[in-house]
Amino acid sequence: MTKPANKTPPAILREDYLPPDYRIETARLHFDLGESRTIVKSQLAVVCSHDHSEGLRPLVLQGQGLKLLALKVEGRSLREKDYEITDEALTIWPETDHFTLDIETACDPGGNTELSGLYRATGMFLTQCEAEGFRKITYYPDRPDVLARFSTTIAAEREKYPVLLSNGNLVAAGELPDGRHFATWHDPFPKPAYLFAMVAGRLARIEDKFTTMSGREVALHIYVQNHNREKCRHAMDSLKQAMKWDEETYGREYDLDLFMIVATDDFNMGAMENKGLNIFNSKYVLAKSDTATDKDFQNIMGIVAHEYFHNWSGDRVTCRDWFQLSLKEGLTVFRDQQFMEDMTSPGVQRISEVNILRTHQFIEDDGPMAHPVRPDSYMEINNFYTMTVYNKGAELIRMCRTILGPEGFRKGTDLYFLRHDGQAVTTDDFVQALEDATGTDLTQFRRWYCQAGTPEIQVTRSYDALAQTYALTIKQTCLPTPGQPVKEPLHIPIALGLLDKSGADMPLQLVGEERPVAGTRLLQLREAAETFLFIKVPQEPVPSILRGFSAPLKVALNLTDVERRFLMAHDSDAFNRWDAGQQLALKLILSLVRDYQEGRPMALESKFIEAFRQILSKPTADKAFQALILTMPSETYLADALEVIDPEAVHEARKFVRQTLAGTLQETFLTVYRQNQDSGPYRLDQEATGRRSLKNVCLAYLMELADGEGRDICLRQFDQAKNMTDVMAALTSIANHAGREREEALATFYEKWQDDSLVVDKWLALQAASSLPDTLERVKALTGHPAFTLRSPNKVRSLIGAFATNQVRFHNISGAGYAFLADYILALDSLNPQIAARLASSFTTWRRYDARRQSLMQSEFERVLQAPKLSRDVYEIVAKSLNYV
Ligand code: BES
Ligand code: ZN
């Protein structure tokens with residue numbers, strides 16, 4: 001097929017940025033809510049912001065899917081020849097440099113299935129405006145660098161919509177004729193339209209309060225459907241902890257008298273930081289121990305904190321344009337990661353962050369959608385809410401903090417917030433503030449923002465016993481990415497330690513330095529290759545490189561297995577202790593993959609089993625950490641290490657390792673499982689969650705055995721457990737083993753939880769993630785189940801999305817999984833293109849597979865491209881994957 005040039009939407013380029021021609025001082029909105037017809041009246045105070053000595057430029061207001069009912073300048077209606085209207089914009093030609101513009105439009109919230117703009121779902125009206133949804137509500141300069149003060153009046157039927165919310169403070173409310181009522185909200189902080197929000201519905205309110213560091217009292221309200229009112233305690237506690245932490249850690253105080261969270265089942269994303277009125281996917285608000293897992297509780301805490309932290313890193317200081325998205329998202333992800341490191345176990349938290357980065361962001365950076373943290377172009381901005389912008393972006397902030405040190409970094413962020421409060425700025429402005437506050441030169445560091453791709457450092461070492469010196473030579477490289485053939489050397493902070501024979505950190509002294517430094521120290525690599533020479537090194541050390549994963553890159557260092565086991569046992573850095581184990585397992589499983597591919601019997605060396613036994617049986621204080629060390633690298637991570645991905649071989653080799661360990665160490669697994677049973681009341685502290693994760697890792701191993709005790713234990717846990725963590729752990733294992741018990745357990749579970757939508761999501765997801773051969777058939781059948789609907793992003797993610805990340809089943813060589821996914825991408829494209837595009841990204845790794853799978857995926861892509869009307873969202877992913885654009 002040839003490139004369908006006519007379909008290609010224009011790329012938006014960063015270099016084309018121009019400041020806005022007009023400012024909006026105030027925006028007074030009036031909503032008359034009707035299910036199929038909502039009337040929006042907008043009154044804008046417009047002020048020219050360009051040099052108009054040569055004349056006034058036209059004012060362009062974005063708008064989509066709107067019906068224009070009235071348009072007035074200074075109270076006088078415009079005639080049709082005075083404005084121009086297209087599918088995407090309304091243009092007028094102002095005659096004065098400031099004026100009042102009145103716009104009246106109608107839209108159809110009931111017919112809005114995209115869940116962007118104003119929509120109605122589960123009996124509520126809701127808005128979602130980031131990134132470009134406000135233009136579906138009214139004509140407006142819908143760009144983040146136009147900041148206005150908003151006042152919003154909402155009018156609706158009182159009976160159906162007793163609660164009416166918008167940003168800021170409630171300033172008026174009252175009755176209207178015909179059973180209607182209204183509320184008026186005023187937000188004193190100027191903000192871009194993407195932070196606007198409005199909610200109307202029948203909602204229960206959970207209240208609490210927080211006293212800020214300057215002694216102001218802030219009311220905290222969480223709104224949920226009435227039957228969920230008992231499930232908000234954890235979200236509320238998380239919010240209060242986040243508010244306190246941000247005061248202590250960043251000096252950031254909340255600035256309104258009211259902070260609201262609304263939960264909805266119908267939401268494209270996780271949550272949204274609208275000023276004073278965050279809107280959340282209910283998955284990230286609602287939790288009780290019998291319906292939510294420990295992981296869910298943790299996610300809620302992290303996401304509530306994330307959206308709250310945006311109040312400063314996003315709302316008070318926002319983005320100049322969408323290329324700067326990482327300014328707010330990278331920084332806020334870093335802040336929520338830090339918060340979680342402080343609230344839970346820092347080592348465990350860091351490992352989970354790195355796991356996400358390595359298994360998803362590295363893969364994105366290596367594929368057709370690879371882009372820098374600050375992209376240079378996009379077709380559809382919604383496709384750029386990526387792991388790179390978010391998670392790699394957070395790593396860049398973390399590196400800045402490592403380079404500047406905690407105090408320097410805090411000085412830098414203080415200056416950033418002070419200098420740019422109320423402004424829309426760039427990632428460069430952020431780095432500049434760090435530089436100015438500390439006198440550090442980050443010129444070279446800025447390259448991290450513009451270069452895509454995962455760098456690799458190659459480390460070689462040499463010890464000179466006579467001179468007592470130790471030389472580390474570090475070389476950095478980065479492969480080309482689309483549009484970036486050549487890469488410049490980056491400024492890389494490398495935290496490291498050198499372990500002596502006892503396993504202790506040696507004091508480290510570089511040649512030319514006065515004194516040694518104890519423990520971990522920082523090397524700063526700036527050249528393509530550099531040698532760091534340590535002096536007074538009395539014995540050959542074992543190097544522990546990139547402690548805490550101090551930079552987002554791959555490390556090539558030829559440690560021996562003995563050295564890796566030594567690091568596992570002794571490294572003072574928790575992350576590197578874990579990583580040494582992962583690298584050992586990786587190497588081992590990859591060699592088994594080759595055995596499997598070449599028809600040789602697989603075998604596990606006894607040294608590996610022995611090392612594993614030691615970790616398993618040694619009582620450890622941090623059980624969550626122990627559980628992580630006992631977990632083999634994921635199939636995705638293993639696959640990424642192969643030249644050509646072989647999903648089946650990866651699955652079989654990993655399973656072989658797990659089965660062999662389970663078979664050899666069955667008794668030990670049983671002992672540890674029993675020791676960590678907890679029959680007391682449910683607790684969410686680290687000790688209790690650690691026990692559960694260790695116990696459940698043991699259970700999953702035991703379940704690998706066809707005829708062990710595992711099965712009975714698992715079924716008993718499934719029947720008797722009172723918390724969802726243990727129930728899900730058991731059911732997940734059960735779902736991976738065919739048989740009557742599996743069918744019964746799945747049926748019992750559904751029977752019990754069918755009225756709890758979030759629990760039903762889990763039920764769908766675990767079936768879609770099963771490695772059993774009938775998974776696709778089952779998923780297909782489940783698409784017809786009454787619990788499933790294409791209209792709900794959560795349902796789509798749970799079933800179709802989970803299936804698309806099921807390495808072994810999705811990539812089955814028949815290609816049936818691919819055809820299935822393509823059908824759903826097409827079906828969803830006209831309903832909800834954002835969700836369709838997310839699904840399509842599962843295909844973007846297609847070049848990493850063998851020729852047969854490549855061609856199967858390619859033909860599905862081409863089938864998608866043939867669709868008569870394809871959204872820009874899906875088009876961009878598919879066309880870039882095929883190198884058409
Ligand atoms: N601003 C985003 C939400 C968003 C993203 C809205 C894209 C519209 C388009 C929000 O702050 C966010 O980042 N949410 C994340 C969760 C977060 C903890 C990383 C999300 O929704 O996945
Ligand atoms: Zn965010």
Side-chain angles (χ1 to χ4, degrees), residues 114-119 126-137 142 144 191-197 235 238-239 242 246 261-285 295-319 322 324-340 343 349 352-353 356-357 360-361 373 375 378 380-395 397 793-794 797 801 832-835 837-838 841 873:
E114 295 175 9
L115 313 189
S116 145
L118 174 65
Y119 62 96
L126 290 158
T127 57
Q128 170 54 41
C129 296
E130 189 179 1
E132 299 181 333
F134 195 73
R135 61 188 64 186
K136 298 172 190 173
I137 298 176
D142 190 6
K191 65 168 177 291
Y194 85 86
L195 290 173
F196 170 81
S238 302
L239 173 62
D246 212 17
I261 288 180
V262 173
T264 169
D265 289 343
D266 308 274
F267 204 66
N268 278 347
M269 302 289 296
M272 176 65 208
E273 71 266 26
N274 319 298
K275 182 79 190 188
L277 177 55
N278 289 359
I279 299 183
F280 272 64
N281 188 322
S282 21
K283 181 173 165 55
Y284 298 119
V285 176
K295 183 82 202 138
D296 293 325
F297 277 93
Q298 222 184 319
N299 285 336
I300 289 170
M301 187 176 221
I303 298 185
V304 166
H306 177 100
E307 305 309 336
Y308 172 74
F309 295 156
H310 269 313
N311 188 57
W312 275 95
S313 50
D315 299 3
R316 289 286 286 259
V317 182
T318 194
C319 303
W322 293 120
Q324 318 298 328
L325 181 58
S326 197
L327 175 80
K328 73 175 178 83
E329 295 302 347
L331 176 54
T332 306
V333 170
F334 174 65
R335 278 151 52 69
D336 83 52
Q337 291 178 348
Q338 254 186 316
F339 169 70
M340 292 305 281
M343 295 294 135
Q349 172 64 21
S352 82
E353 292 157 14
I356 293 171
L357 197 79
H360 301 289
Q361 196 278 327
V373 168
Y378 61 78
E380 171 50 62
I381 183 57
N382 283 319
N383 288 333
F384 283 78
Y385 286 75
T386 59
M387 286 280 162
T388 299
V389 167
Y390 273 65
N391 300 61
K392 185 174 178 180
E395 294 299 321
I397 310 285
N794 283 0
R797 272 187 285 261
N832 190 331
Q834 275 187 53
I835 302 295
R838 293 268 159 183
S841 12
D873 307 60

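Numbers for residues simply follow the sequence, beginning at 1. Just follow the structure's listing: the first ligand is 1, and inside any ligand the first atom is 1.
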Exercise. Counting both backbone and side chain atoms, is some N or O of Q834 under 3.5 Å from an N or O of ligand 1?
Worked result: no

Exercise. Which ligand 1 atoms, with their elements, are less than 4.0 angstrom from a heavy-atom of E273?
Worked result: 1 (N), 2 (C), 10 (C), 11 (O)

Exercise. Parallel under 30°, tilted from 30 to 60°, perpendicular over 60°: which one fits the rings of Y194 and W322?
Worked result: perpendicular

For this session: Please identify which atoms of ligand 1 are closer than 4.0 Å to at least one heavy atom of K328.
Result: 1 (N)

For this session: May I ask you to check whether Y390 has an N/O atom sitting below 3.5 Å from an N/O atom of ligand 1?
Result: yes

For this session: Consider only side-chain N and O atoms of S116 and Q128, and report whether a donor and an acceptor are under 3.5 Å apart.
Result: no

For this session: Report yes if the side chains of L118 and K136 come closer than 4.5 Å at any heavy-atom pair, otherwise no.
Result: no

For this session: For the residue pair N832 and N268, confirm or rule out a side-chain donor-acceptor distance under 3.5 Å.
Result: yes

Exercise. If you measure only the distance, is there a donor-acceptor pair under 3.5 Å linking the side chains of Y284 and E307?
Worked result: no

Exercise. Under 3.5 Å, side chain of D142 to main-chain N/O of R135, donor-acceptor pair present?
Worked result: yes

Problem set entry | Donor-acceptor pair, side chain of T264 and main chain of N281, under 3.5 angstrom | no

For this session: Check each atom of ligand 1 against the heavy atoms of M272 and keep those under 4.0 Å away; list them by number with element.
Result: 1 (N), 3 (C), 6 (C)

Exercise. Would you say F280 and V304 make side-chain contact, with heavy atoms under 4.5 Å?
Worked result: yes

Seminar exercise, completed: With heavy atoms and a 4.0 Å threshold, my read on which part of M269 contacts ligand 1 is both

Problem set entry | Any N/O pair A131/ligand 1 closer than 3.5 Å | no

Exercise. Counting backbone and side chain alike, does E329 bring an N/O/S atom below 2.8 Å of the Zn ion (ligand 2)?
Worked result: yes

For this session: Return yes when G302 approaches ligand 1 closer than 4.0 angstrom through a heavy atom, no otherwise.
Result: no

Exercise. G270 heavy atoms, cut-off 4.0 Å: which ligand 1 atoms fall inside?
Worked result: 20 (C), 21 (O), 22 (O)

Exercise. Would you call the rings of Y390 and H306 parallel, tilted or perpendicular if under 30° counts as parallel and over 60° as perpendicular?
Worked result: parallel

For this session: With atom 12 (C) of ligand 1 as the reference point, say which of Q128, E307, E130, H310 has the nearest heavy atom.
Result: E307

Exercise. Which atoms of ligand 1 are found less than 4.0 Å from any heavy atom of A271?
Worked result: 2 (C), 3 (C), 10 (C), 12 (C), 14 (N), 21 (O)

Problem set entry | Metal-centred angle, the Zn ion (ligand 2) as apex - NE2 of H310, NE2 of H306, 10° resolution | 100°

